[in-house]
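Quick note: residue numbers are just sequence positions, from 1.
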Amino acid sequence: MDQLGTNIIVDHVSASWSVDETLSASTDIANLTVQNCFITESLNKSIHVKGAHGYGGIISSSFSSTYSYLRNLYAHNNSRNPRIAVIRRPARYGWISATT
């Protein structure tokens, strides 16, 4: 999701088997909601130029953006699972290393 946009809802999406981040949000998006999604099984040993790179995603926003991540499952990603200041009952399963 590296496009410009405002007021975006991503609902009931299964994102998996990516070479880099499976589902990421950039600073060029305002008012994003990602809900009821599976972000799973990034390809850690694939064709990425940096080698092992199976990451869940990057969530980065500007101070004027509002992002909501609700009822999502991050599973079997090597790293870059959510690490947010305020998160209630996250569902993370089968990660290998600490979040970055």
Side-chain angles (χ1 to χ4, degrees):
M1 295 181 354
D2 288 330
Q3 302 292 321
L4 298 174
T6 305
N7 302 325
I8 299 168
I9 297 176
V10 179
D11 188 22
H12 286 89
V13 169
S14 294
S16 61
W17 294 8
S18 70
V19 175
D20 200 352
E21 288 92 17
T22 303
L23 184 68
S24 293
S26 74
T27 57
D28 296 329
I29 297 173
N31 305 325
L32 168 70
T33 299
V34 178
Q35 61 188 20
N36 305 308
C37 295
F38 289 168
I39 299 97
T40 62
E41 300 180 313
S42 55
L43 299 176
N44 192 44
K45 296 179 181 175
S46 183
I47 60 171
H48 196 280
V49 300
K50 294 181 182 177
H53 206 78
Y55 295 159
I58 296 174
I59 304 167
S60 61
S61 69
S62 64
F63 289 109
S64 61
S65 297
T66 302
Y67 286 3
S68 300
Y69 278 67
L70 309 166
R71 300 175 302 274
N72 299 304
L73 174 67
Y74 282 77
H76 303 292
N77 299 305
N78 185 44
S79 190
R80 291 193 186 149
N81 293 297
R83 183 174 61 185
I84 304 169
V86 177
I87 190 165
R88 295 187 182 126
R89 293 182 297 237
R92 295 178 294 216
Y93 178 80
W95 87 37
I96 297 170
S97 64
T99 57
T100 57

Option passing side-chain contact (heavy atoms from CB on, under 4.5 Å) with Val34 (candidates Asp11, Leu23, Leu70): Leu23

Minimal non-hydrogen separation, Glu41 against Asn77, with atom names: N-OD1, 3.6 Å

CA sep, side-chain torsions, deciding dist, call: Tyr67, Ile29, side chain to side chain contact (heavy atoms under 4.5 Å, CB included): CA-CA 9 Å; Tyr67 286 3; Ile29 297 173; 3.8 Å; yes

Spacing of Trp17 atom CH2 and Thr40 atom OG1 [to the nearest 0.5 Å]: 9.5 Å

From CG (Asp20) to NZ (Lys50), nearest 0.5 Å: 7.5 Å

Test item: Gln35 and Val10 side chains (from C-beta on) under 4.5 Å apart, heavy atoms: no

Residues in side chain to side chain donor-acceptor pair (under 3.5 Å) contact with Asn31, at least two apart in sequence or another chain: Asn7

Trace of the side chain to side chain contact (heavy atoms under 4.5 Å, CB included) decision for Thr6 with Ile8: CA-CA 6 Å; Thr6 305; Ile8 299 168; over 6 Å; no

From OG (Ser42) to NE2 (His76), nearest 0.5 Å: 10.5 Å

Of Leu32, Thr33, Ile39, the residue whose pairing with Tyr69 passes side-chain contact (heavy atoms from CB on, under 4.5 Å): Leu32

Interatomic distance, Cys37 atom SG to Tyr74 atom OH [nearest 0.5 angstrom]: 8.5 Å

Exercise: identify the closest heavy-atom pair between Arg71 and Asn36: NE-OD1, 3.0 Å

